[in-house]
Amino acid sequence: MSSVTMGLPMTWRRIPERYGLIGSECESCKTKYFPVRKICPKCRRRGKMRDLKFCGRGKVYSYTVIHSPPSGFELETPYTMAIVELEEGPRLTAQIVDSDITDVKIGTLVQMVFRKIQEDGKEGLIHYGFKFSVVK
Amino acid sequence: MVGIVGYGVHIPRYRIKSEEIARIWGDEGGGVKDGLGIMEKSVPGMDEDAATMAVEASRNAVRYCNINPKRINAIFVGSESHPYAVKPTATIVAEAVGATPHLTAADMQFACKAGTTAIQCCMGMCTSGMIEYGLGIGTDVSQGRPGDALEYSAGAGSAAFIIGNDGVVAEIDGTYSYTTDTPDFWRRPGMDFPSHGGRFTGEPAYFKHTVNASKGLMEKLGLKPSDFDYAVFHQPNGKFPIQVAKMLKIEVGKVKQGLLAPLIGNTYSAASLIGLASVLDVAKPGNRILVTSFGSGAGSDSFCITVTDRILERRGKNRNVIQYIGDKEYLDYGMYVKQRRTLKTL
Ligand SMILES: [Zn+2]
């Protein structure tokens, strides 16, 4: 496999999660998880998991402004990465875009937007998925 | 009757003023700017492309009418800036709005009119009973060669329309197209920027096709210019739509609500459709709207649209055009170049 096609199965499997914010809910204890989990850590074998689409709204739990980025993100600096607490409970890490850096505070309301996450060079796949922006 | 069930737009947050572009290329007198009638244009974020904008607009459209996306049985995406040469934008949109897997989907390309053609395809499939709802999209992140007049006008935006027979907020009374082989504007494979015929893009291209499609539609439906409350035309700049209204003897005031090029530039496949969305944001039940797109190469699709009572129930369910236009951040030319990732080409 060439470097261009190496991560394809993983990328493909994660499309529902990345595009639609699909996670899991345990039908036994009602705990919600993002990303998808196959087993509820609380209920173990007694748990029964189902897919759950999160609404895409949440608030900033914590954040940091990136000045020294990983390769591929050099042009985007400075940018904000945040731990977002979804309305339904689970937390995830995402970039905050389309917002003034000074508007991002702990507790700021944010909503999911659909953006390009990364490109595998000029010939490879374009990876899309969720980021968040400050609710206006 | 077939019509618009839902609609939504996306306009990126960033703007650059024509004055700022003029400053770089020594056109302080403002000759190009005044000639185009464009004050500022929209610029996509670094992580935005025709697909991401199509998804945002489509999600707004679904939210607007609150239908189950699984009932969308066809998605057609019109663009001249599809992110892949081979691999459809339409599948990305279908997955992201939750319409997969029981639907048909394809990308379309006809310069700036592929979005209206996508809507025509949805209309035909709804009318024939092949599908329940169709999603037609116009979306573009267009590029102009640095220093070219196109650099002042090439903007970015997206508009999505859900077409169906039930629950329409506006009926589509008819559509008419006018198409010829006219070499006014093109881009060969592998080229970053388009080539165009300069002044040749006006008379034999934009005006001829827009006028003939609009006239053909009025003849077909037995309508006259005064029967329309609003008119929306493709807007490669801020001036052509006004000129074409005069040629068609349509009051210039009827063009204003759908004329956004002065504020966001030419959004290509999305241009006439964002204009239509802007009209639907304010139109009253019973209002009749003329929409005529234009795509280089060349052709025009013209539509007669009548607003229904249902539009009042739905209003406010969505982020409207004015809200998108009002939320903006200005870039200087340096930031603009960084954002467009054109560092290499300069
Ligand atoms: Zn559990």
Side-chain angles (χ1 to χ4, degrees), chain A residues 4-5 8 11-22 51-57 66 69 72-81 94-103 111-136, chain B residues 10-14 42-60 62-63 68-69 82-87 89 91-101 139 141 158 160 190 192 319 323-324 326-330 334-335 337-344:
Chain A
V4 168
T5 58
L8 283 185
T11 297
W12 177 68
R13 270 198 303 274
R14 292 185 66 185
I15 281 179
E17 165 195 327
R18 283 184 169 171
Y19 286 19
L21 223 53
I22 309 279
D51 282 354
L52 176 73
K53 184 174 171 56
F54 289 90
C55 75
R57 291 184 300 271
I66 307 287
F73 295 86
E74 292 87 349
L75 278 175
E76 297 193 32
T77 56
Y79 62 90
T80 309
M81 290 299 292
Q95 190 178 340
I96 308 289
V97 293
D98 271 11
S99 315
D100 297 329
I101 284 182
T102 51
D103 285 346
Q111 67 198 353
M112 175 183 62
V113 294
F114 187 82
R115 292 304 168 91
K116 203 154 64 173
I117 307 290
Q118 208 179 345
E119 289 178 32
D120 295 341
K122 279 193 90 66
E123 285 186 63
L125 210 62
I126 306 168
H127 301 270
Y128 294 99
F130 60 80
K131 293 186 180 179
F132 282 76
S133 72
V134 171
V135 175
K136 281 143 197 146
Chain B
H10 177 81
I11 300 164
R13 184 167 183 252
Y14 302 98
S42 56
V43 181
M46 232 175 285
D47 54 0
E48 290 187 283
D49 63 18
T52 66
M53 296 196 308
V55 168
E56 291 288 335
S58 301
R59 284 180 172 168
N60 280 336
V62 171
R63 211 171 289 135
N68 180 347
H82 289 291
Y84 289 95
V86 177
K87 187 186 181 307
T89 307
T91 57
I92 300 169
V93 175
E95 198 74 51
V97 299
T100 48
T139 184
V141 280
S158 182
D192 285 333
R319 202 164 169 223
Q323 285 167 310
Y324 269 106
D327 176 29
K328 59 183 170 185
E329 180 179 336
Y330 287 108
M335 283 302 289
V337 168
K338 180 184 170 195
Q339 197 126 318
R340 294 312 326 263
R341 299 192 187 191
T342 44
L343 290 166
K344 284 193 302 287

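Side chains are part of it too, since the values below use all heavy atoms of this structure and drop only hydrogens, waters and symmetry mates. To find a chain, count down the sequence lines: A is the first, B the second, and so on, and within it residues start at 1.
Between the NZ atom of A:Lys136 and the CD atom of B:Gln323 there is a distance of 11.0 Å, given to the nearest 0.5 Å. To the nearest 0.5 Å, atom CD of residue B:Glu56 and atom CG of residue A:Asp98 are 8.5 Å apart. To the nearest 0.5 Å, atom CG of residue A:Leu75 and atom CZ of residue B:Arg340 are 12.5 Å apart.
In this structure, chain B has a heavy atom under 4.5 Å from the side chain of A:Glu119, while its backbone stays farther away. The parts of A:Phe114 that come within reach of chain B are both its backbone and its side chain, each placing non-hydrogen atoms under 4.5 angstrom from that chain. Contact of A:Lys53 with chain B is not made at all, since no heavy-atom distance falls under 4.5 Å.
Taking every heavy atom of both residues into account, B:Glu95 and A:Ile15 meet most closely at CG-CG2, 3.4 Å. Considering every non-hydrogen atom in both A:Gly124 and B:Tyr84, the closest pair reads O-CE2, 4.4 Å. The shortest non-hydrogen separation linking B:Asp49 to A:Tyr128 is OD2-OH, 2.6 Å. The two residues A:Arg115 and B:Asp47 come nearest to each other via the heavy atoms NH1-OD1, 3.0 Å.
Between chain A and the options B:Glu329, B:Met53, B:Arg59, the largest number of non-hydrogen pairs under 4.5 Å is found for B:Arg59. In terms of heavy-atom pairs under 4.5 angstrom with chain B, the leader among A:Leu21, A:Asp100, A:Val97, A:Ile117 is A:Asp100.
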